[in-house]
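Keep in mind that what you see is a predicted model, and the values were worked out from it rather than measured.
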Amino acid sequence: MNPALLQELTSALIRDYDFKERKGWLQSGKCPDCSKKELFANSSSPWTLRCGRENKCGWIGSSKELYPEIFEGFNKRYKPTQENPNATADAYLMYQRGFDIDRIKGWYEQGNFWRQNADKGTATVRFWLDEKHTVHMERLVEEVTITEEGGEKKKRKAHFQWLAPRALVAASNTGDQGR
């Protein structure tokens, strides 16, 4: 986990749940369900919080659900640089989706999604689905709302695109569909 993100999350957890840090664990936090001081989480990766009273309470919570603001805003917080043009995509895959990006480097690249009828643009994580790079799937880093003809609004999280080879594009322009 990114040290800055871990520090931000740990500070919020200690502040809001009154945790004590001991030997790699956040312990003795106040459970939001039963109010007992039995809440705990791993301090190096506090993704999941659990109440230690499994038989009487058993509450389990996700730090992403409790603090969505810490895990959002990747377009602003992690801007691409010359040294790392995939910075936004890397951050999204690591912090929002939980991937070890060292294991999947080269499988993806950062792209952009923008439509005139969208409420905003966003960075994407683009996965090429063929060797010639003509078909790809993009996961949008931030959800986008598209306004369809007629005013209907649809939320979009992903985008698929097929880039037609030039021979097919030329044939479609002349009316010959490769027959």
Legend entry - NZ/NE/NH1/NH2 to OD/OE distance under 4.0 Å, Glu38 and Lys56: no

Legend entry - Atom of Lys79, atom of Thr88 and distance for their closest heavy-atom approach: CA-OG1, 4.1 Å

Inset, instruction - May I ask you to check whether Thr122 and Asn75 show a side-chain donor-acceptor distance below 3.5 Å? - result: yes

Inset, instruction - Working to the nearest 0.5 Å, report the span between NZ of Lys155 and CG of Leu140. - result: 12.5 Å

Legend entry - Rounded distance (nearest 0.5 Å) linking atom CD of Glu65 with atom CG of Leu49: 10.5 Å

Inset, instruction - Could you grab the distance from atom CZ of Phe127 to atom CD of Glu138, nearest 0.5 Å is fine? - result: 10.5 Å

Inset, instruction - Looking only at non-hydrogen atoms, find the nearest pair between Cys57 and Asp33 and report the distance. - result: SG-OD2, 3.6 Å

Show every donor-acceptor pair shorter than 3.5 Å between a side-chain atom in residues 18-26 and any protein atom, with sequence neighbours excluded, or say none if there are none.
unit_1 : atom_1 : unit_2 : atom_2 : d
Asp18  : OD2    : Lys37  : NZ     : 2.8
Arg22  : NH1    : Gln27  : OE1    : 3.4
Arg22  : NH1    : Ser28  : OG     : 3.2

Inset, instruction - On the 0 to 90° scale, with breaks at 30° and 60°, tag the Phe74-Tyr95 ring pair as parallel, tilted or perpendicular. - result: parallel

Inset, instruction - For Arg139 and Tyr92, test the side chains for any donor-to-acceptor distance below 3.5 angstrom and give the result as yes or no. - result: yes

Inset, instruction - With rounding to the nearest 0.5 Å, note down the distance linking CZ in Arg97 to NZ in Lys64. - result: 7.0 Å

Inset, instruction - Enter the distance from Asn42:CG to Trp47:CH2 here, rounded to the nearest 0.5 Å. - result: 11.5 Å

Legend entry - From CD (Gln110) to OH (Tyr78), nearest 0.5 Å: 13.5 Å

